[in-house]
Amino acid sequence: MINGNLKADYSADERILNNRNKQFFVYGSMFFLTLFPVFADDYAVLMACKMGILLIAVIGVNVLTGYTGLISLGHGAFIAIGAYSTVIFSNLFDGLPTGILPFVVVPLAISVSAIIGIIVGLPSLRVKGLYLAVATLAASFIVKFLIEQDLFSPWTGGIVGIDTPVPNILGWELDTKREMYVLITVLAICTMLAAQNLFRTRVGRAFIAIRDRDYSAEILGISLLRYKLMSFAISAGYCGLSGALGAYFYARILPDQFGLNLSLELVAALIVGGMGRTLGPFFGVIIIMLVPELIKISMSSATGGSLDWARYTAPVQEIVFGLLLVFFLLKEPLGINQITDRMLRAINRWPFARG
Amino acid sequence: MLTIENIEVSYYHTVQALRGLSLEVPQGKIVTLLGTNGAGKTTTLKAASNLLKLENGEVGEGHIHFDGQNIKNIAPDVLVKNGLFHVREGRRIFSEMTVEDNLIAASYALDGRGIKVDFDKVYAFFPRLQERRKQIAGYLSGGEQQMLAFGRAMIARPKLILMDEPSLGLAPKFVKEIFDTIKRLNTEDGTSILVVEQNAGVAFSVADFGYIMENGQIVLEGDVEALKNDKDIQSFYLGIPEDGSEGRQSFRDVKHYKRRKRWLS
Amino acid sequence: MLSVSDLHLSFGGIKALRGVNFEAKKGEITGVIGPNGAGKTSLFNAISGFYTPHKGRIHFNNADITGISPDKRASLGMARTFQNIALFRGMTVLDNIKLGGHTRLNTGLFSALKYFGSARKEELELRRDIEERVIDFLEIDHIRKYPITMLSYGLQKRVELARALAMRPSVLLLDEPVAGMNREETADMARFILDVQEQYGTTILLVEHDMHMVMDICSHIVVLNFGQQIASGTPTEVAKNPAVIEAYLGVAA
Amino acid sequence: MGQFTQFAINGLMSGAIYALIAVGIVSVYKATKVVNFAHGYLIMFGAYFYFTFAVIIPGQEWAPEWLASWKPSWMLEMRKGLGMFSPLGAVLDWMANIPRILLGLVGAVSCNAILGRVVERTLMRPLMGQSVFAMIMVTVGLISILSGSASLIWTADAAFVPHIAPNTPIRFELFGTMIFLFGADIVNMLIALLIFGGIVTMVKFTKAGIAIRATAEDQSTAYSMGISVPKVFSNAWVLASTTGAVAGAILATRNGISPSLGLFGFSVLAIVLMGGLDSYVGCFIAAMSVGVLEAMTQWKMGGEWAAIVPYVAVLVVIIFRPHGLMGQKEVERI
Amino acid sequence: MTFNRREFLATGAAATAAIGTPMILKAQAKEYVLGASLPLTGPFATAGQLVAPAFSLAQKLFNDEGGIAGIPIRFVTEDSGYVPQNTLANYQRVLATEGNSLVAYFSDSTGAMKLIAPELKGDNARLMGSTSFASELADPATHPYQYLSGPTYQDQFDILMQNIKLAGGSKIAIIYSNTEFGRDPLEHGRAKAAELGLEIVLEETTKPQGADIPTHVTKLAQSGAEHCILHGYVTGVWPQLIGGARQFGLPVQFHGTFWGMEKLIADRITAEAGPFLAGYQGVMPYRYFYDRDDAPRYQQYAALSKAMFAGTPLENYMSTWALQAMCGLELAMKALRATAEAGNELTADNVAENLSGISDWDSGGFFGGPVSMTNNKIGTGRVYEYSPETKLFTPSSDWLST
């Protein structure tokens, strides 16, 4: 059936969940997420936490790449900055009561990430596209390199990594994965909502304008300097939050965790999910995290867990990762979000028309 | 020479540019295709020279025959070698290469045809180009660039030239010169020409046959003489008032009601 | 209102503008004509701030704006349209027009992230303003939720004008607003331009090839050739000017 | 001063190899406007192909013995009594390897040519007319595909490959310091420079070069001139993958063979951007200066700092010259 | 969102209650699981693939001996690609799926050991051996559940430097890979050199793979070092460095540490590039496998290998790396069995206590004599020298302890 979308006033027309399907999907997912830790086993919770952490970062990259059209291949570095800032500030403010420490440390970590994001974003004023991609790539190599240096190892632990604190929120110590799941899920939903809000206002529209045609945005009074840097700051801030959660989630962090692969994974998840779409990161992260896992499980059950075959798993995962990326770019450039949209539209119109 | 039958063209699988367009260019004639921006004139030419795929466009239905051959699976470069040459909108010369290199690039069209490349003919036609042979093409003036674009077409020895808005952006007084050249190409070499224009007046001065397109469709066609006398053409394309009075109606006097009528339709 | 004095602009070795001088009078329509490559668009780009002239000054509302960036000029009340339509293809018509209201809004990053409260109020206010003042005025209500790519060329041009109007400009630069339109569409666009001038008293500066329209609706015309200003005056004065006939119009016109 | 010369020469030698790698990225970019992030991985394939044809195949039981080690009696005669690392001994040891070196090079170049063509056909051709972003990311996807395939095909075995040229040590005193140079490195440098020069000459002065330049400037117009653009594309990829094969073979002999050879691609990408994507000359200057800078950093600050030299260099250059040292500024049409 | 506050709080409470519910039901295990991560891919894949068969062998051997107090054991071995976070993920996965059946884990790198160490708390703790000889791990106070099956890298440096001092050396160079493993003994090495009066004339860090050999060799040549310690490599880089130095005729004596002392690699280099490894020395905690005349445990392994790997190169030889894994597993089994026999639950604390209590253990071949766990390590080793003619590493020192 075709659902009527009658609106009585402008505010109804401007809502996010402006039709039934969307409401059903969103409330359904939230219900599922609430029940999830009750029936899921430890391993599923673990995976869900990892996905949540990655999701926040991908939402950030979506703001920059999907909406503002600035390519970054180095956002893993901001996750690193968020994670390391969390550890460094926690050690620095050792004297504070542990229950309020995260409320000081995490905003600081996000700010540091955002500020460094602005610095890395500076070339974006002069260079575009490819040059920016390589500039961010270069910046991320440099950040990782600096973290590894002996010079900073008293703070960063250098190449051998550093132990991380256990988060304590007003006396609630989150020392199990299930407790972390609650924190991560709540934050992931909030950040997603915040990103969506952004695009209901002038700020988000300005980003899209810059992506589509930057000179024409400029004559509308959108300062490229201000908004490009703002976009960098937001995306870096999101990655900083993701890093902070990562630091709390893992008991120890190593510089190697934040290498090129992480940066590429962020962009890949975005492409697979759907760039410039609210739910794109959500779908993308699910695919990027689950597909390798499924390959591993299916390969190991197919070969009876034989060690001779185990060494083919990683290459196969790698190849599939590449193929996924290429497939979506060539065949479905708007990602899974586009596929789900098509499905929703088909359901909406059924039985009248297809497509 | 060129027959386009009932073609549909869409870009990115969604935006439909042409809806069932047909036209024909007979051997040795000049045909003009008129229409406003966005009507699909350039798309028609690109469909005929098979350049659509480069821009994510595709011909959905219909056929295009050149010289009796369906061009569907012929690569653009092979089409050029078969004698169909497309002079692109905005001239599109290679602005970082010299004039001579531009002409050499066009000589790829002769590969495998056993024809010797004849630069002298071009230079005889356009002596200005010979003077500037070694210059970087980007520094030529607009008119000279248009000459170079024609020169490249001549090098390729085509049977049919598709010409996309040759008058675009040239001062009114140069436009006439350009169209004289078009006529010369047609009469001296017997080349068939399909010329896309917005400027109906000059196009009619050289063409034998004309098509008018709007919104991806042909809305009117006929001999140039017949078209010139068509009331709608006179009013929409030639700027002659409908009441047939002397002189033109001023835009200041256009009434609101008329405008509303049109956009509501 | 808007004046340009002794403007020079060059790229590498090529001189795009060589000493252009004119003034667009308040509430009037001023036309700029000349062959392609004469520097018309370069002139527009210099006025709207994409190019920095290497000599000469641009004054707007009695303030020197020569050195300031395009976005600042926009917030001073300057709007423009482009020769090749520069709408945002990733957005609907409505969002495109909303962007015109950018400079008038104040929502900052943090209230945008929250949305509730001031940001929401401001957005709804903008929506009402646009619906009532722009969409209705230009008669594009039926397409407000369409993506740009689905619109015809003529409508796209109109949406671009709508976006410029949403900025509530005091001066409007139109770069070839009727290029490639047939006479009927041209007449419609001309009507809208005249309406804007009448209703809002907007100062309009216009680049156009269509000599008829320029002659009809402009009260003042500037003619450029090879970056030089070869004539300026009322339409009748310009049409008679021998230099203009020689360089541009030719005898046929 | 002597030390300085030593490291300057070392730098020039690695700079030449950077230039050889860069030529592949630039050629593909010029012809197709695709910046190949996966070029390093093509090189890695070249290295593994060289290893396959120069080590694995000659080592098979069915392979003739002279292929693995060509030792005519006169050579054994000459070799007798020479120390293991004497200069003449090194040359003779190299000569024994000539058959498999040649097989390795021919195999690497031809297999990589096929690989380049396959990649172009399956992944790049559908990309014609897509956005810069899609192009970049497809090559990023290609990285994973190539590196995964390499570890599937060549199990991670420790591998040693024969030098392309006799690795005679060269020692001499300069400004009171002993200078050490490897013969093979000098030959590698010459090979790299010759290939680089050859390609630049070809693009500048031949009709095929005009086709490449025309395509570079305007693909669809080149098409409508009768230039077969797909052919230019695939030739550019073949050119890149074959020069990459030679570079891969050289790197394999110099640094040992491993999947991490692919990472060279990123530093060279930085170099190419620093030089200006479409400028051979710019890239040559950038490659040489990064090579020398790296060697100097290695000398003064140690190995790990050298690794980020290209990245720091590219950032510095981009800030001052957004299109690289000699790159064409893209004119924005408004 | 249309949740009101009350609903929200109620949902939150329900969720928290659900999470707090103890979900682990302790049941009697039918089998015990030992998990392992190995670098079957990645830079050190050669090593990982040589070590992997040892786990099949161990499973057979230990189950033939009756498992742990009659309950059979099973190995869950996975690939890590030498990426610490993969090892961590593998550990977490096996922990989540096997629960209390998992009694010990074998991890594959210094980085992974350090990454996992802080995770080993409460119910998540398991006894953990590894391929690493990282010094930081040899500390029961900070790493109570992790142990080394030999001397630390620092110990190995000590042994090497003492040996250099004895040979009359004074100028040494240290070339190491820029990895956690490579950097491990560096600081200690500096102190030790100062203590012994050795002058470190060059400290050079290289990539673990694909290093810029000519430059490193040039620096070594110009440093004028007499002895050079190579550390932090497995299959690559160190042979090329030695080869480059030999070509220049540098009279440097090269020394390696455990991971650079594998006979298979040395043999392959010799076959490929000539006998330039002549005189290469290095420190080794265990006997080589061919030296098994008075090593009964080695003879058992050999018999089993012959049966299990007939027709493969592993039929007659076990790499030093596989021996290290075997030694680690022997230690873990000894501790597990002791715990079970004492009637205790196999918790990490109980097992670790038994492990650290191991003393005067007759390993049946690995070491020169009975050894003891001190500080969760076995601080003994000796120096071997390679001969390209015999293709054997032969002892050039006595067993040394630190």
Side-chain angles (χ1 to χ4, degrees), chain A residues 5 7 9-16 18 59 63 66-69 110 114 125 190-231 233-234 237-238 275-277 334, chain C residues 44-45 48-50 69-82 84-91 94-96 98-116 118-128 130-131 145 148 160 163-164 166-167 173:
Chain A
N5 284 326
K7 306 287 164 20
D9 56 21
Y10 292 136
S11 77
D13 201 33
E14 297 270 322
R15 282 177 56 176
I16 303 175
N18 53 9
I59 295 172
V63 171
Y67 289 109
T68 321
I110 294 174
L125 302 175
C190 290
T191 48
M192 207 170 197
L193 189 69
Q196 176 60 22
N197 280 340
L198 208 55
F199 294 96
R200 303 161 81 186
T201 63
R202 71 195 275 259
V203 182
R205 277 198 303 272
F207 289 161
I208 301 181
I210 291 173
R211 173 190 72 188
D212 285 1
R213 243 172 238 267
D214 53 359
Y215 61 85
S216 143
E218 220 175 350
I219 59 117
L220 293 172
I222 295 164
S223 158
L224 295 187
L225 171 79
R226 192 181 147 82
Y227 281 90
K228 280 186 173 177
L229 292 185
M230 198 190 276
S231 182
I234 294 171
Y238 267 67
M275 270 198 298
R277 307 294 304 269
L334 297 175
Chain C
F44 261 37
N45 285 341
S48 52
F50 290 118
S69 64
D71 55 290
K72 295 236 178 59
R73 297 183 198 208
S75 37
L76 290 174
M78 185 186 284
R80 83 172 267 194
T81 67
F82 290 89
N84 318 306
I85 300 169
L87 290 169
F88 306 109
R89 298 177 144 256
M91 297 188 209
L94 189 60
D95 278 341
N96 264 285
K98 273 185 184 171
L99 265 164
H102 184 87
T103 49
R104 280 185 284 125
L105 306 186
N106 303 309
T107 307
L109 173 59
F110 291 102
S111 55
L113 287 168
K114 289 200 306 274
Y115 187 69
F116 290 100
S118 65
R120 180 162 182 268
K121 209 172 120 203
E122 196 177 65
E123 283 298 323
L124 293 177
E125 190 47 48
L126 172 71
R127 174 79 188 271
R128 175 166 301 123
I130 283 171
E131 290 280 355
K145 295 251 170 129
I148 296 299
E160 208 185 5
R163 187 178 67 186
M167 296 171 72
L173 313 178

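Reminder, nothing fancy here: chain letters follow the sequence lines and each chain counts from 1.
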For the [atom1] atom of [X] and the [atom2] atom of [Y], what is their distance to the nearest 0.5 Å?
{"X": "C:Arg80", "Y": "A:Leu220", "atom1": "CZ", "atom2": "CG", "value": "11.0 Å"}
{"X": "C:Thr103", "Y": "A:Ile222", "atom1": "OG1", "atom2": "CD1", "value": "9.0 Å"}
{"X": "A:Ser216", "Y": "C:Asn96", "atom1": "OG", "atom2": "CG", "value": "8.0 Å"}
{"X": "A:Arg202", "Y": "C:Arg104", "atom1": "CZ", "atom2": "CZ", "value": "11.0 Å"}
{"X": "C:Lys98", "Y": "A:Thr201", "atom1": "NZ", "atom2": "OG1", "value": "9.5 Å"}
{"X": "A:Arg205", "Y": "C:Met91", "atom1": "CZ", "atom2": "CE", "value": "8.0 Å"}

**Asked** With only heavy atoms counted, which part of A:Arg226 is less than 4.5 Å from chain C, the side chain, the backbone, both or neither?
**Response** neither
**Asked** Can you say whether A:Leu225 sits under 4.5 Å from chain C via the side chain, the backbone, both, or neither, judging by heavy atoms?
**Response** neither
Tell me, for [X] versus chain A, whether the close heavy atoms (under 4.5 Å) come from the side chain, the backbone, both or neither.
{"X": "C:Arg73", "result": "neither"}
{"X": "C:Ile85", "result": "backbone"}
{"X": "C:Leu126", "result": "side chain"}

**Prompt:** Below 4.5 Å, heavy atoms only, C-beta onward: do A:Arg200 and C:Arg120 meet side chain to side chain?
**Reply:** no
**Prompt:** Of all of C:Leu99, C:Leu124, C:Leu76, C:Leu173, which one pairs up most often with chain A through heavy atoms under 4.5 Å apart?
**Reply:** C:Leu99
**Request:** Could you check which of C:Leu109, C:Asp95, C:Thr81 has the highest count of heavy-atom pairs closer than 4.5 Å to chain A?
**Result:** C:Leu109
**Request:** Test C:Leu113 against every option in A:Leu198, A:Asn197, A:Leu193 by the side chain to side chain contact (heavy atoms under 4.5 Å, CB included) rule and name the one that passes.
**Result:** A:Leu198
**Asked** How would you list, by chain and number, every residue that makes a ring pair (Phe, Tyr, Trp, His ring centres under 6.0 Å) with A:Phe199, sequence neighbours excluded?
**Response** A:Tyr67
**Item:** Largest heavy-atom contact set with chain C, pairs under 4.5 Å, which of A:Gly204, A:Ser223, A:Ala209
**Value:** A:Ala209
**Fill in**
Of the listed A:Gly276, A:Ala217, A:Gly221, the one with the largest count of heavy-atom pairs under 4.5 Å with chain C is A:Gly221
**Those residues that, when tested against C:Glu160, pass salt bridge (Lys or Arg N to Asp or Glu O under 4.0 Å) (two or more places apart)** = C:Arg163
**Request:** Kindly determine whether C:Phe50 and A:Ile219 satisfy side-chain contact (heavy atoms from CB on, under 4.5 Å), including the steps that lead there.
**Result:** CA-CA 9 Å; C:Phe50 290 118; A:Ile219 59 117; 3.4 Å; yes
**Prompt:** Where do C:His102 and A:Ala206 come nearest, in terms of heavy atoms and distance?
**Reply:** CE1-CB, 3.7 Å
